[in-house]
Amino acid sequence: MPKRTDLKTILIIGSGPIVIGQACEFDYSGTQAVKALKEEGYRVVLINSNPATIMTDPELADATYIEPINSKYIEKIIRKEKPEAILPTMGGQTALNAAMDLYEKGILDKYNVELIGAKVESIRKAESRELFHNAMTKIGLNVSNGRFVKNFEDAKSFAETSGFPVIIRPSFTLGGTGGGIAFNVEEFETLVNKGLDASPVREVLVEESLIGWKEYELEVMRDVNDNFVVICTIENFDPMGVHTGDSITVAPSQTLSDRQYQELRDAAKKIISEIGVETGGSNIQFAVNPDNGKIIVIEMNPRVSRSSALASKATGFPIAKIAAKLAVGYTLDEIPNDITKTTPSCFEPVIDYVVVKIPRWDFDKFRSSNPDNDILGVQMKSVGEVMSFGRNFKEAFQKAIRSLETGRAGLGTDGKDIYQYDYISRLNTEEKNLLKAKTLIKLQTQRYDNIFHLRYAFLLGATTEELYKVTKIDKWFLNQIKDIIEIETELRSFSF
Amino acid sequence: MKKISKELLLKAKKNGFSDKQLAVILKTTEDEIRKFRFANGIIPVYKTVDTCAAEFESGTPYHYSTYERFNENISSDREKIIILGGGPNRIGQGIEFDYCCVRCVKALREEGFETIMINCNPETVSTDYDITDKLFFEPLTTEDVLNIVHYEKNVKGIIVSFGGQTPLKISKELEKNGLKILGTSSENIDIAEDRKKFGNLLDKLDIPKPEYGTCTNPETAKKTAGKIGYPVLMRPSYVLGGRAMQIVYSDEQVNNFFRDENEVSKDHPVLIDKFLEEAREIDVDAICDGEDVYIAGIMQHIEEAGIHSGDSTSILPPISINKKNLDEIKKYTKKIALALNVIGLINIQFAVKDNVVYVLEANPRASRTVPFVSKTTGIPVVMIAAKVIAGRKLKEFRLKSFEEIGYIGVKESIFPFQKFPKVKMFLGPEMRSTGEVMGIGMTFGEALAKAQESTGSPVPVNGNIFISVNENDKKPKTIEIINEYIRLGFGVIATSGTSAFLNKYGIKSEPVFKVNEGRPNVVDRIKNGDIQIVINTPLGAESRFDEYSIGWTAVQHKIPFITTLSAAQSFAEGISRIKKGKTEVRSLQSYYKL
C-alpha cells in the first residue's frame with residue numbers, strides 16, 4: 001500500500017530525560033523517525049523535554065517543542081499545531097504512557113487525532129497483564145503465573161501456593177524500580193512492602209520465578225498486509241533473573257537448535273498478530289527451560305525499545321526508520337533496504353558474525369550503607385552499554401570488555417585482576433580449593449564483575465559443570481570462556 | 001622458553017586478545033606487541049555490516065575489524081577527518097557528547113571532508129551508518145584506532161574534543177604514534193588539566209583563583225588545609241565527573257578521606273582547594289580560533305558553588321550576576337582561551353563570591369552544557385566550533401550574542417536515587433545525575449516551572465512546606481523566602497530549632513520532630529501526605545551527612561527536595577508563575593524568531 005495522503009502533520013513524542021532504563025537509544029529512534037517522516041513529505045512536530053538530544057536540534061523537525069511530556073502540554077501543542085496523527089512508539093514507555101493518557105482524557109477524540117504505529121487496543125493488550133495473559137492463552141502460548149496484589153496479605157497467599165523464589169514487580173515504575181526476587185518469607189515481606197511504596201498506584205505483581213531459564217528476545221516487524229520479519233534474535237548470556245538491560249546479550253542466538261528457534265519465531269508471529277501491532281516493530285521476550293525446552297512468553301513491547309537500537313546496529317536494519325514508514329501505510333516489500341539499496345525490507349537480515357553487548361554500571365557513585373546496591377536483579381541498574389563485533393563469540397566478547405572503559409583490556413590478564421595469574425599458580429592444592437569454593441559461592445549472586453570471577457574459577461580448577469550449577473549460564477558460553485583461558489595459558493609458555 | 005610464533009599470536013588476536021593483554025602475558029609492552037604485529041602482517045581486516053551476509057552487494061561503509069583475509073574497507077582519495085565518539089554512556093558522560101559528535105560530523109561534511117566515525121555505543125545516533133561517510137563500530141582504544149588508521153589514506157587529522165573524556169584519554173598515545181590531533185594542542189590541553197600549570201597561567205594573567213594545594217598523605221593534607229582554611233574541597237587527580245570529590249570541614253574528615261581513597265599515590269596525588277561556600281557558580285561555553293573568542297553562553301547555577309556543575313540547575317542567560325562581574329567573566333574567558341591557544345570549544349567554570357570573580361577550572365573541549373546553550377539560543381555552537389577546527393575563522397560567521405535573546409532557558413538534572421536505597425542524596429562535588437531536562441519560557445519563573453514539571457515531580461501549588469535550615473541560614477533572607485511561600489498559600493512545618501527562629505520573626509509554624517526526636521516525625525508526615533515541599537539546607541560536617549532519610553522519603557514520594565536557599569527562592573517564583581496559569585508552549589523555531 002502506498003503511503004497515506006490523508007495525513008499532513010504528525011506529532012512525535014520523545015522520551016524525555018535520560019534515566020536508568022530509558023537512555024539515548026530513544027534519541028536514536030526518534031531522530032530516525034523524524035528524518036523518515038520528513039523524507040516522505042510530512043510536516044513533523046516534536047515534543048521532548050531533553051535538550052541534550054539530537055532529535056531536538058531545530059534543523060530536524062518542522063516545529064520542535066522542548067516542553068514537559070504530559071497531556072497538559074501535549075494538548076496545548078495539539079491545539080497550536082493541529083496534527084492529524086501522533087506517533088507514540090519512538091519515545092519509549094514515556095511516550096506510550098503519554099499517548100494513553102491523551103486517549104483516556106478524551107483529548108485524542110476532542111481534536112480528532114489518530115495514534116499511528118500502535119493502536120490503543122494493541123497497547124492495552126500488550127501492557128495489561130490480564131489482557132496479555134488472555135491473549136496468549138487464546139493462541140496456545142504459556143505465560144508465567146502471577147497475581148496483582150495491593151497488600152501483603154494477598155501477596156502472601158500467592159506465595160503460599162507458588163513457593164519460593166517469587167519475583168516482585170511494582171506496577172507502573174520504569175526499568176523495574178523497586179522490584180526484586182525473594183528467596184524466603186522474610187525477604188518477601190520487605191520486597192512486597194517496598195514495591196507497594198514504589199508503585200504510584202500501590203500495586204505489585206507477584207510472580208513465579210523462572211530463575212535459571214534461558215532468556216531470548218526477538219525483534220520483529222509487521223505491516224498492514226500481515227507481512228512479518230524477524231530482524232534479530234538476541235540471546236541473554238545471563239539466565240532469567242537479571243534485567244535484560246543489565247544482562248550481557250549476544251546476537252544472533254548461539255545455543256538454540258534450529259527447531260527451538262523456529263518455535264520462537266512461530267510464537268512471535270502469532271503474538272504480534274494477536275496483539276494487533278500491524279504497523280511497526282515490537283520486542284518479544286521469551287524464557288526457555290534449559291532442561292525440557294518449554295517456552296514461556298515473558299512480555300511484549302509494542303514499540304521501539306532499547307533492544308531495537310541494539311538489533312538495528314547489530315544487523316544494519318534501521319528498525320525505527322522502517323517502523324515510521326510502516327506507520328504511515330507502507331508495507332515491508334515496498335521499502336528498499338537502506339544498506340543494500342537493491343533488496344526490499346521484507347528480506348530478513350542474515351548475519352555472518354557475532355555481536356556482544358555488555359552493560360556499563362557506575363556503582364561507585366552510589367556507595368552506601370546498603371551492600372546489595374550492586375546486586376543485579378529485576379531492577380535495571382546500568383547507565384550505558386557497549387557493543388562489539390567479531391567473527392566468533394570470544395573475539396566479540398573480549399572486544400566488548402575493552403570497549404567498556406573500565407580499565408579492563410579483555411577478560412582478565414591485563415594487570416587489573418584481583419587474583420593475578422602468578423598468585424593463583426603459586427597456591428597449593430588446599431589453598432586453591434578454598435579459594436575455588438569461595439569463588440563459587442560468590443558466583444551464586446549476580447554482580448557486575450562475575451565474568452572475571454568465572455575466569456578465576458576456571459583457573460582454580462572449577463569445571464564447566466560446577467560453574468553451570470551455580471550460575472545457570474549456558475555451558476556453551478562457559479566453554480567459550482574456558483577456551484579463552486586455555487589460549488591464555490598456551491601463550492604463557494612462550495616468551496616474547 | 002621458546003619465542004612466541006606468528007601463528008600463535010594470530011590465534012590470540014582471532015580470539016579477541018588485546019595488545020595490552022598480550023603485553024602482560026608475554027611481559028613486554030603494548031608498543032612492542034604492536035610493532036611485532038605490523039612487522040609480521042598481523043593486522044585486522046574490516047568487514048561490512050550489510051544485513052545479508054554478503055549475499056547481495058552493499059555500498060554502505062559500516063565496518064568492524066577481525067583477523068581474517070579480504071579487507072572490505074576501501075579508502076578513497078578524499079581528504080578525511082576522523083572523529084572519535086564518546087564510548088559507553090556513564091554518569092558524567094552521556095548523550096550530550098553524542099549530540100556534539102553528530103553535529104561535528106555534519107559540519108565537516110558541509111566543509112567537504114570525508115568523515116570517519118569510530119564509536120562502540122549502540123544506543124547513539126553517531127553509530128547510525130547514514131550519519132557519517134564511514135562508520136567503524138570499534139572500541140575506542142589506541143590499538144583499535146591505529147589499526148583503522150593503517151588503511152586510511154589522506155587523513156587530515158583526528159578530532160578528540162567532542163566525545164568527552166574518552167577520546168581525550170588516548171589522544172597523547174595517538175599523537176605519539178604519528179596521528180595529527182586537530183584543534184587545541186595536547187600541550188595546551190595538558191596545561192588546562194594540570195592544576196599547577198593552570199594555576200601558574202592564571203597568576204600570569206592576573207586572574208583570581210581559590211587557594212589550593214597538592215598532597216599525597218594525611219599529614220601534609222592537614223597542613224595544607226590549615227593554611228588554606230576549612231572548608232576545603234578534596235579530590236584525587238584526573239577523575240571524571242568529580243568522582244570521589246569531598247567537601248571537608250575538619251582534620252578528622254581529612255583522615256576519613258584518605259581512609260576511603262586508598263589509591264592515592266605519588267602519581268595520583270590528592271588535590272585540595274579552598275571551598276568557596278555559598279558562592280555563585282557560573283559556566284561559560286566559548287569558541288576560539290586562536291585570534292578571536294566568541295562567547296556562546298554564560299550560565300548561572302541556582303545551587304551555590306561546590307555542587308557539581310553537571311548536577312546543578314543552570315539558567316541561561318544569567319539573572320542575578322551584576323554587570324561588573326559579567327564583564328570580568330567575559331574578559332577572563334577571552335584571556336584564558338587565547339593564552340591556551342584554543343582552537344574550537346572551551347568551557348570555563350567561575351565562582352563569584354563577595355563581588356570577586358574566581359576561575360575554578362577550564363576544559364578546552366566540548367562540555368556537557370553545549371547542547372543546552374545551542375537549544376536555548378539557537379546558535380549552532382558545535383557547527384561553528386567544528387568548522388573552526390577544520391580551518392575557518394570566527395570572522396566568517398554571522399554570530400549573534402546570547403544576550404540578545406528575550407526569553408530564558410533552565411536546565412535541571414535527573415537523579416537515579418530511587419535505584420540505590422540508602423544512598424546519601426545531598427548534592428556535592430561528585431556528579432550523580434543521569435540526565436537533564438530543560439524548560440524554556442518568557443520569564444525565569446515560567447522556564448523553571450516547566451523544567452520542574454519535566455523532572456516528573458509536579459510542582460505543588462498548595463499544601464505545606466517543611467523547612468529545616470542550618471545556623472548560617474537563620475537570617476532575614478530566609479524569612480523573606482518563607483513569607484513568599486506563605487503568600488502563595490502554603491502552611492509551614494518546621495523542626496523545633498527552625499520553628500523557634502521563625503517565631504522570632506513572627507512566622508507561625510507547626511513544629512515537627514526530627515527523625516531521632518520521636519514520632520510522628522517528619523518522615524511520617526511526608527508519608528502521610530502532609531508535606532508537599534521539603535526545604536532542608538545542610539551545612540557543616542554533621543548536618544550535610546545527616547538525616548538523609550528525609551531526602552530519601554521525599555524522593556520516593558516525588559516531593560521536591562530542595563537543599564539550598566537560592567533554589568527555594570527560585571522555586572517559589574516558579575510556583576507563583578504556575579498559579580497565575582501562565583505557561584505557554586512555543587516551538588524553538590518561533591522562539592528564535594522573537
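Letters A, B, ... mirror the listed sequences (proteins, then strands); counts begin at 1.
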Which bit of [X] is near chain A, if near means a heavy-atom gap under 4.5 Å: side chain, backbone, both or neither?
X: B:Tyr62; result: side chain
X: B:Glu68; result: side chain
X: B:Arg586; result: both
X: B:Ile33; result: both
X: B:Thr141; result: side chain
X: B:Thr28; result: side chain
X: B:Ser126; result: neither
X: B:Glu143; result: side chain

Spatial distance of atom [atom1] ([X]) from atom [atom2] ([Y]) [nearest 0.5 Å]:
X: B:Lys20; Y: A:Asp414; atom1: NZ; atom2: CG; answer: 8.5 Å
X: A:Ile339; Y: B:Thr48; atom1: CD1; atom2: OG1; answer: 9.0 Å
X: A:Gln398; Y: B:Ser18; atom1: CD; atom2: OG; answer: 7.0 Å
X: A:Asp338; Y: B:Thr60; atom1: CG; atom2: OG1; answer: 7.0 Å
X: A:Gln32; Y: B:Ile131; atom1: CD; atom2: CD1; answer: 8.5 Å
X: A:Phe389; Y: B:Glu138; atom1: CZ; atom2: CD; answer: 9.0 Å

Using non-hydrogen atoms and a 4.5 Å limit, figure out which bit of [X] sits close to chain B: side chain, backbone, both or neither.
X: A:Phe397; value: neither
X: A:Asp27; value: both
X: A:Asp57; value: both
X: A:Ser493; value: backbone
X: A:Thr315; value: backbone
X: A:Ser308; value: neither
X: A:Lys381; value: both
X: A:Leu404; value: backbone
X: A:Ala400; value: neither
X: A:Asn50; value: both
X: A:Asn48; value: neither
X: A:Glu488; value: both

Look at [options] and state which one has the largest set of heavy-atom pairs under 4.5 Å with chain A.
options: B:Ser5, B:Pro88, B:Ala23, B:Pro44; result: B:Pro88
options: B:Ser65, B:Gly378, B:Gly87; result: B:Ser65
options: B:Glu96, B:Lys27, B:Lys450; result: B:Lys450

Side chain of [X], backbone of [Y]: donor and acceptor closer than 3.5 Å?
X: B:Lys2; Y: A:Phe494; result: no
X: B:Thr434; Y: A:Ile18; result: yes
X: B:Asn15; Y: A:Ile484; result: no
X: B:Gln589; Y: A:Ala61; result: yes
X: A:Lys80; Y: B:Val585; result: yes

> Is it true that A:Glu405 and B:Lys169 make a salt bridge, defined as a side-chain N closer than 4.0 Å to a carboxylate O?
Replying inline: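 Looking at A:Glu405 and B:Lys169, the cut-off is met.
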
> Can we say A:Arg306 and B:Glu123 salt-bridge, meaning some charged N sits less than 4.0 Å from an Asp/Glu carboxylate O?
Replying inline: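 Not counted as a salt bridge, because no side-chain N and carboxylate O are separated by less than 4.0 Å.
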
Quick one: of [options], who has the most non-hydrogen atom pairs under 4.5 Å with chain B?
options: A:Thr342, A:Val355, A:Asn337, A:Ile401; result: A:Asn337
options: A:Ala309, A:Pro349, A:Ala409; result: A:Ala409
options: A:Gly412, A:Ala396, A:Gly384, A:Ser495; result: A:Ser495
options: A:Glu385, A:Arg492, A:Lys394, A:Glu81; result: A:Glu385

> Any side-chain heavy-atom pair from A:Lys72 and B:Glu453 closer than 4.5 angstrom?
Replying inline: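 Side-chain contact under 4.5 Å: yes.
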
> Should B:Tyr592 and A:Pro58 count as side-chain neighbours, where that means a heavy-atom distance under 4.5 Å?
Replying inline: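 Yes, side chains in contact.
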
> Among B:Asp128, B:Asp98, B:Ile95, which one satisfies side-chain contact (heavy atoms from CB on, under 4.5 Å) with A:Tyr28?
Replying inline: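 The passing option is B:Asp128.
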
What pair of heavy atoms forms the shortest contact from [X] to [Y], and how long is it?
X: B:Ile4; Y: A:Phe496; answer: CG2-CD1, 4.1 Å
X: A:Pro17; Y: B:Ile414; answer: CB-CG1, 3.4 Å
X: A:Pro318; Y: B:Tyr129; answer: CG-OH, 3.3 Å
X: A:Ser49; Y: B:Ser454; answer: CB-OG, 3.3 Å

